[in-house]
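I have placed the structure first, in the form of structure tokens, so that the comments after it can refer back to it.
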Amino acid sequence: MDVSLPVPSTVGVRAGWRLPSLVAPAAFLVLVAVAVVAPALLTGTDPLAADPMSALRAPSAAHWFGTDQLGRDVFTRVIYGARYSLSIGLAATALSVVAGGVVGLLAGLSPRVVDELLSRALDVLSAFPEVLLALLFIAFTEPGTPSLILAIALAFAPRYGRIVRAQTLLVRRAGYVEQATTFGLSRARLAWRHILPNVLGPLPILATIGLGSAIVNAASLSFLGMGPQPPSPEWGAMLAESRNYLRVAWWSAILPGLALTATVVSLTAVGRRLQARFEGRR
């Protein structure tokens, strides 16, 4: 007689672990989205309003995140800073995806000589740290938001270009593409109808993950004075302004840093989950 005990199912346990791990970052990203689109819904204070008499006040009911060295409300500046940091990251990521996608698609569809030239150019750019490439670009322009967006886009474009090239070569050798070629489809129509839709599939997911890196790099360059200039409430610029007051007013730097960290971690968590579902790993 079989007296073995039934093995409890782990499906419910796994689902229970997956749900909180996805809901928490998704909920935080919704809050960040509200701060970007309608910051006035979260705070009614002017982020540039200074009150020297209230400088370096600790967090309280009147000022949830305290005040900075000029008496500005840190919570309000963090809320409005989401618009700067997210806008820069989104614009830079979109430009890098478009530029890298075009170069990668051309490399994958071009003759071998052109493919080698474009591939080596992508490899050379990928060999440099992204922040260094961005710094080199800004060195030949001028600090500011437009230069920062273009610099980050240039630094991140090679990663998407290499991915698109690899996907293009893979799809190009697929059976349905070879069959379409035998039917006499032109190269442009073949690329538009059969190759491009299958190549671009993973890009939105990878861009979601890359958005976090773009935001971090934007904040790093803003911290160095290469991005939006004070008194703009950008997270990196806020960290730069508050670094000299860590001993007496830690909240003016730590809390914007925590907002930046939570945003990047949430984007990465959601992006990794989407990537796992796209690859069939749930």
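Quantities reported herein were computed from a predicted structural model and do not represent experimental measurements.
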Any non-hydrogen side-chain atom of [X] less than 4.5 Å from a side-chain atom of [Y]?
| X | Y | value |
| --- | --- | --- |
| Arg72 | Thr67 | no |
| Ser232 | Tyr84 | yes |
| Arg159 | Ser126 | no |
| Pro59 | Trp64 | no |
| Phe28 | Val32 | yes |
| Val164 | Gln167 | no |
| Thr145 | Ile88 | yes |
| Ile215 | Leu90 | no |

If hydrophobic clusters are built from ILVMFWY residues whose side chains come within less than 4.5 Å, do [X] and [Y] share one?
| X | Y | answer |
| --- | --- | --- |
| Leu211 | Leu31 | yes |
| Phe75 | Leu41 | yes |
| Val216 | Leu267 | yes |
| Val34 | Val36 | yes |
| Val98 | Leu148 | no |

- Task: I would like to know whether Phe137 and Leu150 meet side chain to side chain contact (heavy atoms under 4.5 Å, CB included); could you show each step before the answer?
- Result: CA-CA 8 Å; Phe137 179 85; Leu150 292 176; 3.7 Å; yes

Looking at [X] and [Y], what are the two nearest heavy atoms and their distance?
| X | Y | result |
| --- | --- | --- |
| Ala134 | Leu221 | CB-CD1, 3.6 Å |
| Leu239 | Pro256 | CD2-CB, 4.3 Å |
| Thr93 | Gly210 | OG1-O, 4.3 Å |
| Thr168 | Gly104 | OG1-O, 4.2 Å |
| Gly89 | Ala214 | O-CB, 4.0 Å |
| Phe65 | Val74 | O-CB, 3.5 Å |

With rounding to the nearest 0.5 Å, note down the distance linking [atom1] in [X] to [atom2] in [Y].
| X | Y | atom1 | atom2 | answer |
| --- | --- | --- | --- | --- |
| Leu135 | Met226 | CG | CE | 5.5 Å |
| Leu169 | Leu109 | CG | CG | 8.5 Å |
| Ser147 | Phe140 | OG | CZ | 13.0 Å |
| Thr45 | Asp73 | OG1 | CG | 5.0 Å |
| Tyr160 | Ser96 | OH | OG | 5.0 Å |
| Ser87 | Ile149 | OG | CD1 | 8.0 Å |

Under 3.5 Å donor-acceptor, [X] side chain and [Y] backbone:
| X | Y | result |
| --- | --- | --- |
| Gln229 | Gly227 | yes |
| Ser252 | Ala249 | yes |
| Glu142 | Ile138 | no |
| Thr268 | Val264 | yes |
| Trp251 | Ala58 | no |
| Ser222 | Gly236 | no |
| Arg83 | Ile79 | no |

- Asp115/Arg165 salt bridge by N-O under 4.0 Å criterion: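 Judged by the 4.0 Å cut-off on N to carboxylate O distance, Arg165 and Asp115 do form a salt bridge.
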
- Message: So that I can tick it off, tell me whether Glu234 and Arg77 are bridged by a salt bridge, with the cut-off set at under 4.0 angstrom between side-chain N and carboxylate O.
- Response: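 No.
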
- Task: Go through Leu95 and Phe156 one step at a time and tell me if the side chain to side chain contact (heavy atoms under 4.5 Å, CB included) criterion holds.
- Result: CA-CA 9 Å; Leu95 286 177; Phe156 278 68; over 6 Å; no

- Which residues share a salt bridge (Lys or Arg N to Asp or Glu O under 4.0 Å) with Arg120, sequence neighbours left out: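 For Arg120 the salt bridge (Lys or Arg N to Asp or Glu O under 4.0 Å) partners, ignoring immediate neighbours, are Glu116, Asp123.
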
- Message: We want to know whether Thr43 and Thr76 form a side-chain donor-acceptor pair, criterion being a heavy-atom distance below 3.5 angstrom.
- Response: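 Side-chain D/A pair, Thr43 to Thr76: present.
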
- Query: Only one of Leu125, Ile152, Leu154 clears side chain to side chain contact (heavy atoms under 4.5 Å, CB included) with Leu133; which?
  - Reply: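 Testing each of Leu125, Ile152, Leu154 against Leu133, the sole residue satisfying side chain to side chain contact (heavy atoms under 4.5 Å, CB included) is Leu125.
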
- Task: Under the side chain to side chain contact (heavy atoms under 4.5 Å, CB included) rule, what do Glu241 and Asp68 come out as? Steps first, then yes or no, please.
- Result: CA-CA 9 Å; Glu241 288 186 86; Asp68 62 8; 5.7 Å; no

- Item | Test log, rule side chain to side chain contact (heavy atoms under 4.5 Å, CB included), inputs Leu206 and Ile163 | CA-CA 10 Å; Leu206 297 175; Ile163 293 172; 3.5 Å; yes

